[in-house]
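Take a look at the structure set out below.
Naming convention: chains lettered A, B, ... in sequence-line order (proteins, then strands); numbering from 1 in each chain.
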Amino acid sequence: MPELPEVEVTRRALLRPLCGSRVLDVDMAKALRWPLQCTPQSLAGQRIEDIGRRGKYLLLGLEQGQLIVHLGMSGSLRWHGAGTAPPRGPHEHFRLRTDRGELRLNDPRRFGAVLWHADARTPHPLLGRLGPEPLDPGFEGQQLWRAVHARRAAIKPLLLDQAVVAGVGNIYACEALFRAGIDPRTPGRKLSLRRCQQLLDALRATLEQALCAGGSTLRDFCSSDGAQGHFQQQAMVYGRAGQPCRRCAAPIAQMPQAQRSTYFCRHCQRR
DNA sequence: CGGCCGACCTGCGGGC
DNA sequence: TGCCCGCAGGTCGGCC
């Protein structure tokens with residue numbers, strides 16, 4: 001589920017209920033990718049001051065540090081106002097109770113993570129390796145070109161590299177390349193500055209469109225208020241193998257790249 | 001250093 | 001109908 005738009009939609013939905021609330025307690029029922037890195041009791045009593053996002057990471061700013069949340073492949077967060085929380089489901093592995101209600105992380109595959117980072121002055125190592133934010137207006141095509149122009153790897157796996165651009169996953173990499181008319185197999189070093197600028201524009205337009213749609217919904221994604229995103233109904237290529245291209249009607253192709261499925265149109269996307 | 005590959009998990013849909 | 005295989009929105013770490 002969780003690429004930049006889904007995480008951002010979740011962040012916006014959580015701002016109102018969570019900001020300013022005070023933590024009662026925290027528990028991790030089943031281990032996620034890593035241990036929490038602190039004793040759950042140490043979080044009790046702290047106020048949640050802000051909610052940020054970096055790439056696909058959601059950042060809960062507490063008084064004495066930061067709770068870093070990653071949704072992995074199958075994670076979703078839900079908010080339950082005070083007294084409205086149903087019994088815990090089998091995949092609700094993390095729970096944060098506050099004086100206003102509780103936040104739960106549902107993650108069947110447990111690729112997600114919740115980490116405590118006490119030293120807020122220096123960024124957590126996981127965040128330190130992230131590339132620029134695609135929606136940051138200060139990020140220019142030239143910067144993308146610099147990150148890519150010396151690389152032999154194909155542009156599609158390069159877009160998935162979080163050090164090149166933060167927050168892009170399989171759906172939006174495929175969609176942005178379609179929008180830019182670029183063949184996903186094109187080596188990074190074959191892309192001109194001009195095409196990198198076009199690619200960044202296309203990526204931004206794709207992400208903005210997904211934000212407006214409330215993100216994508218595949219099997220288990222639900223924004224925290226329970227509403228479903230509907231971007232996948234607008235997808236031009238992702239998950240559409242064999243179906244006609246919405247632009248030229250040629251069948252959409254599917255191929256593996258770096259052990260992930262790439263969807264593209266052989267006619268509309270060129271090297 | 002760059003790039004490939006396995007590992008980590010569970011669930012679901014398709015094919016036989 | 002039922003079982004088995006392959007695949008799924010991610011990414012870290014080990015290896016060449």
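For the pair A:Arg54 CZ and C:dG10 C1', the interatomic distance rounds to 17 Å; values are reported in whole Å. Between the CZ atom of A:Arg129 and the C1' atom of C:dG10 there is a distance of 14 Å, rounded to whole Å. Nucleotide C:dC12 holds its P atom 14 Å from the CE atom of A:Met73, rounded to whole Å. Between the P atom of C:dG6 and the CZ atom of A:Arg260 lies a distance of 18 Å, rounded to the nearest Å. Between the CG atom of A:Asp161 and the C1' atom of C:dC12 there is a distance of 12 Å, rounded to whole Å. Atom pair A:Leu115:CG and C:dT11:C1' shows a separation of 13 Å (rounding to whole Å applied). Counting to the nearest Å, the P atom of C:dA8 and the OH atom of A:Tyr172 are 17 Å from each other. In this entry the distance linking CD of A:Gln162 with C1' of C:dC12 reads 12 Å, nearest Å.
In this view, A:Ala241 and A:Gln254, A:Tyr263 satisfy the side chain to side chain contact (heavy atoms under 4.5 Å, CB included) rule, not counting sequence neighbours. Not counting sequence neighbours, the partners of A:Lys156 by the side chain to side chain contact (heavy atoms under 4.5 Å, CB included) test are A:Leu160, A:Asn170, A:Ala173, A:Cys174, A:Leu177, A:Pro184, A:Gln257, A:Arg260, A:Thr262.
Between the side chain of A:Glu102 and the backbone N or O of A:Trp79 there is no donor-acceptor pair closer than 3.5 Å.
Using a 4.0 Å heavy-atom distance criterion, A:Phe231 is classed as making no nucleic acid contact. Using a 4.0 Å heavy-atom criterion, one finds that A:Leu126 contacts the sugar-phosphate atoms exclusively.
Other residues sharing a hydrophobic cluster with A:Tyr57 under the 4.5 Å side-chain heavy-atom criterion for ILVMFWY residues are A:Trp34, A:Leu59, A:Ile68, A:Leu115, A:Leu126, A:Leu127, A:Leu130.
The base of B:dC9 does not come close enough to the side chain of A:Arg110 for any donor and acceptor atom to sit less than 3.5 Å apart. Below the 3.5 angstrom threshold, one finds a donor paired with an acceptor across the side chain of A:Arg109 and the base of C:dA8.
In this structure, A:Tyr238 has its ring center at least 6.0 angstrom away from the ring center of A:Phe178.
Contact between the side-chain N/O atoms of A:Ser261 and the OP1/OP2 oxygens of C:dA8 is found at a separation under 4.0 Å. When the side-chain nitrogen and oxygen atoms of A:Gln259 are compared with OP1 and OP2 of B:dC4, none of them lie within a distance under 4.0 Å. Phosphate contact (OP1/OP2 of C:dG10, side-chain N/O of A:His70, threshold under 4.0 Å): absent. Distances shown here put a side-chain N or O of A:Lys56 below 4.0 Å from the OP1 or OP2 atom of C:dT11.
Listed in residue order, the members of residues 145-159 of chain A having a heavy atom less than 4.0 Å from DNA chain B are A:Arg151, A:Arg152, A:Ala153.
Checking C:dA8, B:dG11, B:dC8 against the side-chain heavy atoms of A:Phe111 singles out B:dC8 as nearest. Picking from C:dC12, C:dG10, C:dA8 the nucleotide with the shortest atom distance to the side chain of A:Asn170 gives C:dG10.
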A:Gln232 vs A:Arg240, side-chain hydrogen bond (donor to acceptor under 3.5 Å, both in side chains): CA-CA, chis, key distance, verdict: CA-CA 10 Å; A:Gln232 84 285 0; A:Arg240 299 193 64 245; over 6 Å; no
In sequence, state the C-alpha distance, the side-chain angles, and the governing distance for A:Asp119 and A:Thr122, and then conclude on side-chain hydrogen bond (donor to acceptor under 3.5 Å, both in side chains). CA-CA 6 Å; A:Asp119 177 15; A:Thr122 60; 2.8 Å; yes
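At a threshold of 4.0 Å, the pair A:Arg47-A:Glu63 does not count as salt-bridged, since none of the basic side-chain nitrogens sits closer than that to a carboxylate oxygen.
Heavy-atom nearest nucleotides on DNA chain B were determined for A:Arg33 and for A:His91, and the one closer to the 5' end corresponds to A:Arg33.
Distance check, rounded to the nearest 0.5 Å: CD of A:Glu8 to NZ of A:Lys56 gives 14.5 Å.
With pairs defined as Watson-Crick or G-U wobble and both atom distances under 3.5 Å, the stems of at least three pairs that touch DNA chain C come out as B:2-8 with C:10-16, B:10-16 with C:2-8.
Sorted pairs that involve residues 188-205 of chain A and meet side-chain hydrogen bond (donor to acceptor under 3.5 Å, both in side chains), not counting sequence neighbours, are lacking altogether.
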